[in-house]
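Computed over heavy atoms, backbone and side chain alike; hydrogens, waters and symmetry mates excluded. Computed from a prediction, not measured in an experiment: that's the story for all the values here.
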Amino acid sequence: MLYSIVFTLLMFACGAVSSWADVPKGVSLQTVPELKVKVFKGFYRFVDEYGDTVRMTVFNDFIVYPPLKFKNKKQEEFYWRTVRDVRKTLPYAKLAFSALTETYEYIQTLPDKKTREKHLKRLEKDIVEQYKPVVKRMTKRQGKILLKLITRETDQNSYHIVKAFLGSLRASFYQAIGRFFGMNMKNGFNPSKNEEDAIIDRIATLIEQGAL
């Protein structure tokens with residue numbers, strides 16, 4: 001069940017660490033989801049006034065940013081580290097958005113609350129076994145960026161997503177874990193007011209456009 005990765009992203013991104021020592025031997029990493037970049041919507045052909053067949057390509061809307069001017073080497077290094085981290089986590093955030101939609105639609109087909117809770121409990125157990133090694137390999141900073149990108153994709157912070165699917169008690173539990181590691185699942189994503197969010201949004205947009 002590919003969509004089950006979303007819960008792992010939300011639960012274990014909070015405690016993501018760089019250590020790989022405690023991953024059992026023989027556990028294989030899941031393949032990083034591919035981020036497909038599609039720069040144009042399609043094309044069509046027509047015959048112009050001179051009788052020539054011409055191809056017209058229809059591009060997607062895209063954003064053009066002014067060139068970045070770094071104040072110093074430290075700021076430049078920070079930018080490229082963020083590029084690396086966004087490039088690694090953005091595919092998972094995209095997958096999370098798709099997974100949330102699919103999971104929500106599926107559990108609506110289940111007959112009652114008890115059946116839905118049983119399904120989510122089994123799902124939670126499965127994802128711990130299947131996907132924990134993937135997220136656990138991320139650094140704490142990558143975990144933070146992952147949460148921001150999930151908020152960017154879903155327009156909901158991670159705390160509310162976990163609460164909706166797993167309940168208030170477990171949402172509070174994972175929030176407490178996140179705060180211990182310096183993360184807040186209740187934080188939103190506001191590029192217009194937060195400088196770091198603006199950089200993350202710029203990088204994610206350029207990657208989506210195939211420009212970075």
Side-chain angles (χ1 to χ4, degrees), residues 1-16 30-41 60-65 79 81-108 120 123-124 127 130-132 134-166 170-171 174-175 177-178 181 183-212:
M1 293 182 292
L2 187 60
Y3 63 82
S4 64
I5 192 174
V6 64
F7 296 114
T8 303
L9 297 179
L10 297 175
M11 291 186 293
F12 292 102
C14 296
Q30 304 297 319
T31 303
V32 177
E34 181 183 358
L35 182 63
K36 295 182 180 179
V37 176
K38 191 174 182 181
V39 297
F40 60 89
K41 298 177 181 179
N60 291 321
D61 295 336
F62 59 91
I63 299 174
V64 178
Y65 293 98
Y79 174 79
R81 281 199 306 271
T82 306
V83 170
R84 176 201 63 194
D85 293 340
V86 171
R87 195 183 297 279
K88 181 173 182 177
T89 55
L90 183 60
Y92 289 105
K94 297 283 186 185
L95 184 58
F97 175 70
S98 175
L100 278 170
T101 303
E102 188 174 339
T103 302
Y104 178 78
E105 291 175 352
Y106 176 74
I107 63 175
Q108 297 307 306
L120 290 174
L123 188 60
E124 187 178 5
I127 59 170
Q130 295 178 36
Y131 295 106
K132 180 179 179 179
V134 178
V135 182
K136 196 172 180 65
R137 199 180 187 187
M138 293 181 183
T139 65
K140 188 165 71 172
R141 172 170 166 75
Q142 288 167 352
K144 289 181 178 180
I145 290 178
L146 175 58
L147 292 181
K148 285 180 177 290
L149 289 173
I150 289 175
T151 301
R152 176 179 181 264
E153 291 295 317
T154 62
D155 200 28
Q156 296 186 63
N157 65 54
S158 302
Y159 178 84
H160 288 142
I161 295 172
V162 174
K163 181 180 178 180
F165 283 93
L166 301 180
R170 276 183 281 183
Y174 293 122
Q175 167 70 348
I177 294 175
F181 286 96
M183 303 180 193
N184 188 348
M185 293 171 63
K186 294 183 180 181
N187 281 346
F189 185 74
N190 196 337
S192 63
K193 295 182 179 180
N194 184 289
E195 185 177 355
E196 183 179 6
D197 288 357
I199 292 293
I200 291 172
D201 188 56
R202 173 186 175 126
I203 293 170
T205 300
L206 289 174
I207 292 173
E208 289 167 343
Q209 294 177 171
L212 185 61

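For Arg202, the side-chain hydrogen bond (donor to acceptor under 3.5 Å, both in side chains) criterion is met by no residue, not counting sequence neighbours. Applying the side-chain contact (heavy atoms from CB on, under 4.5 Å) test to Ile203 and every residue at least two apart in sequence or in another chain returns Tyr79, Thr82, Val83, Val86, Ile199, Ile207, Leu212. Qualifying side-chain hydrogen bond (donor to acceptor under 3.5 Å, both in side chains) partners for Asn190, counting only residues two or more places apart in sequence or in other chains: Ser192.
Ionic pairing of Lys94 and Glu208 is present here: one or more N-O contacts between side-chain nitrogen and carboxylate oxygen are shorter than 4.0 angstrom.
What you find for Ile63 and Gln209 is that their closest heavy atoms are N-OE1, 2.6 Å. The shortest non-hydrogen separation linking Pro191 to Ala198 is O-CB, 3.3 Å.
Between Thr139 and Gln142, the closest side-chain pair of non-hydrogen atoms falls below 4.5 Å. Contact of the Leu90 side chain with the Glu153 side chain is registered, since non-hydrogen atoms from C-beta on lie closer than 4.5 Å.
Of the inter-residue distances, the one linking Lys88 atom NZ with Leu149 atom CG reads 13.5 Å to the nearest 0.5 angstrom. Once rounded to the nearest 0.5 Å, the distance linking CG of Leu146 with OH of Tyr92 reads 9.5 Å. Rounded to the nearest 0.5 angstrom, Glu196 CD and Asp201 CG are separated by 12.5 Å.
Screening Lys140, Arg141, Lys144 for a salt bridge (Lys or Arg N to Asp or Glu O under 4.0 Å) with Asp85, the sole residue that qualifies is Arg141. Partner of Phe189 under the side chain to side chain contact (heavy atoms under 4.5 Å, CB included) criterion, out of Ile200, Thr154, Asn194, Leu147: Ile200 alone.
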*Step by step, would you call Arg152 with Thr205 a side chain to side chain donor-acceptor pair (under 3.5 Å)?*
CA-CA 11 Å; Arg152 176 179 181 264; Thr205 300; 3.3 Å; yes
